[in-house]
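Inspection log for the structure reproduced underneath, given as C-alpha cells.
Protein chains get the first letters and strands the later ones, always in sequence-line order, with residue 1 at the start of each.
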Amino acid sequence: DTGVSQNPRHKITKRGQNVTFRCDPISEHNRLYWYRQTLGQGPEFLTYFQNEAQLEKSRLLSDRFSAERPKGSFSTLEIQRTEQGDSAMYLCASSFWTGGTGELFFGEGSRLTVL
Amino acid sequence: GEDVEQSLFLSVREGDSSVINCTYTDSSSTYLYWYKQEPGAGLQLLTYIFSNMDMKQDQRLTVLLNKKDKHLSLRIADTQTGDSAIYFCAELAPPSNTGKLIFGQGTTLQVKP
C-alpha cells in the first residue's frame with residue numbers, strides 16, 4: 001500500500017510526558033499537512049510543509065508543539081509536556097501541489113490520549 | 001475569517017436519497033470539497049467542485065453550489081448502508097496557494113436498512 005502512513009496509531013501517555021508522531025507521505029508528494037481532530041469536530045489545520053520548508057503554522061500550534069520534515073520526505077510532530085487538552089486524533093495529509101485542486105490524501109491518524 | 005457549518009446528523013432509509021448541506025463564509029474560495037470518514041479511518045475525498053460551476057455529478061453523487069448564498073450540498077442517490085459515515089464539507093482557504101482546507105464539523109449519516 002502506498003498511501004499516507006502514520007505511526008503510532010494510538011498513544012496513551014501521562015500528562016507532562018513528551019510524545020512524537022511520524023507521518024510518511026505518498027512518495028512523490030511535495031506537500032505535507034498536519035491537522036488535529038477532536039471528538040465531534042472537523043479537522044483543524046496545524047501546519048504544512050512544502051518539501052522540507054515549514055510554510056505556515058496555525059495559532060493552535062503552541063510552543064509545546066514542533067513539527068519537522070528534515071529531508072522533505074517523512075515528518076514528525078512532537079508534543080512536549082503533554083496536557084489533557086492535547087488528547088485528539090492527529091491527522092497527516094499529503095499532496096502533489098502544482099496549483100489547482102491540490103487534493104489532500106489523508107492517513108488514518110494517530111490518536112493521542114493524555115491521562 | 002473562514003468558517004464552514006454543517007448540520008450534525010441525518011438519518012435516511014436504504015434506497016432513499018440523502019442530502020447533506022453546508023454553508024461557508026469565504027466567497028473567494030476557489031474549490032469546495034466533500035470528504036467521507038468511516039469509523040477508525042482517515043478522510044477520503046469523495047468529490048470537489050470549482051467555484052465557477054454550479055453542479056457536478058459523479059455516479060451516485062451530485063454536488064450543488066449556490067455561490068450567491070455560499071451554500072454547498074451533497075446528494076447521494078440510492079443511499080446504501082455502506083454510505084453510513086461522517087461527511088465533511090471543506091473549502092480551500094485563501095490564499096489558495098497554501099492548499100490549506102478549512103473543514104466543517106461533519107454530518108453523521110445513518111442509513112437504516
Side-chain angles (χ1 to χ4, degrees), chain A residues 1 3-10 21 23-26 29-51 53-61 88-111, chain B residues 1-9 20 22-26 29-53 56 58 63 65 72 74 85-108:
Chain A
D1 182 67
V4 178
S5 176
Q6 293 189 246
N7 288 288
R9 292 291 311 279
H10 196 179
F21 299 114
C23 172
D24 288 273
I26 295 171
H29 283 185
N30 55 358
R31 284 197 172 177
L32 187 148
Y33 299 78
W34 285 99
Y35 281 79
R36 182 172 70 186
Q37 185 179 21
T38 53
L39 199 61
Q41 299 297 316
E44 296 173 294
F45 170 80
L46 292 179
T47 188
Y48 88 99
F49 294 83
Q50 176 149 323
N51 300 314
Q54 188 173 20
L55 296 187
E56 186 175 338
K57 292 195 291 187
S58 161
R59 289 189 301 270
L60 295 175
L61 215 63
M89 177 77 86
Y90 290 86
L91 296 168
C92 176
S94 69
S95 72
F96 183 61
W97 180 262
T98 56
T101 64
E103 178 183 346
L104 295 190
F105 292 82
F106 281 84
E108 293 184 324
S110 292
R111 182 172 295 284
Chain B
E2 309 102 5
D3 197 16
V4 179
E5 299 272 343
Q6 300 178 237
S7 52
L8 295 182
F9 186 78
I20 302 171
C22 169
T23 57
Y24 60 98
T25 54
D26 200 315
S29 294
T30 52
Y31 287 94
L32 295 132
Y33 305 80
W34 285 103
Y35 278 82
K36 176 183 180 182
Q37 186 177 37
E38 297 185 46
L43 278 74
Q44 174 196 357
L45 178 66
L46 288 177
T47 187
Y48 65 89
I49 188 166
F50 187 51
S51 58
N52 69 353
M53 299 169 66
K56 181 179 180 182
D58 185 0
V63 178
L65 175 61
L72 183 73
L74 174 70
I86 303 175
Y87 290 80
F88 292 96
C89 167
E91 62 175 348
L92 182 61
S96 61
N97 62 356
T98 67
K100 180 173 72 176
L101 299 188
I102 306 297
F103 287 86
Q105 68 269 55
T107 300
T108 298

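- No other option in B:Gly40, B:Gly104, B:Gly99, B:Cys89 has as many heavy-atom pairs under 4.5 Å with chain A as B:Gly99.
- With a 4.5 angstrom heavy-atom cutoff, A:Arg9 touches chain B only via side-chain atoms.
- Proximity to chain A involves both the backbone and the side chain of B:Leu101, based on heavy atoms less than 4.5 angstrom apart.
- Side-chain atoms of A:Gln41 and B:Phe88, non-hydrogen and from C-beta on, never get closer than 4.5 Å to each other.
- At least one donor-acceptor pair under 3.5 Å links the side chain of A:Arg31 to the backbone N or O of B:Thr98.
- Only the side chain of B:Gln37 comes within less than 4.5 Å of a heavy atom of chain A; its backbone N, CA, C and O stay farther away.
- No other option in B:Tyr33, B:Tyr48, B:Tyr35 has as many heavy-atom pairs under 4.5 Å with chain A as B:Tyr35.
- To the nearest 0.5 Å, atoms NZ (B:Lys100) and OG (A:Ser58) are separated by 7.5 Å.
- Counting heavy atoms of neighbouring residues, nucleotides and ligands inside a 6.0 Å radius, atom NZ of B:Lys56 exceeds 12 of them.
- Taking CD of A:Gln37 as the reference point, atom CG of B:Leu43 lies at 6.0 Å (rounded to 0.5 Å).
- Between A:Phe45 and B:Phe103, every side-chain heavy-atom pair lies at or beyond the 4.5 Å cut-off.
- For A:Tyr35, the part sitting under 4.5 Å from any heavy atom of chain B is the side chain, from C-beta outward, and nothing else.
- Only the side chain of A:Leu91 comes within contact range of chain B, judged by heavy atoms closer than 4.5 Å.
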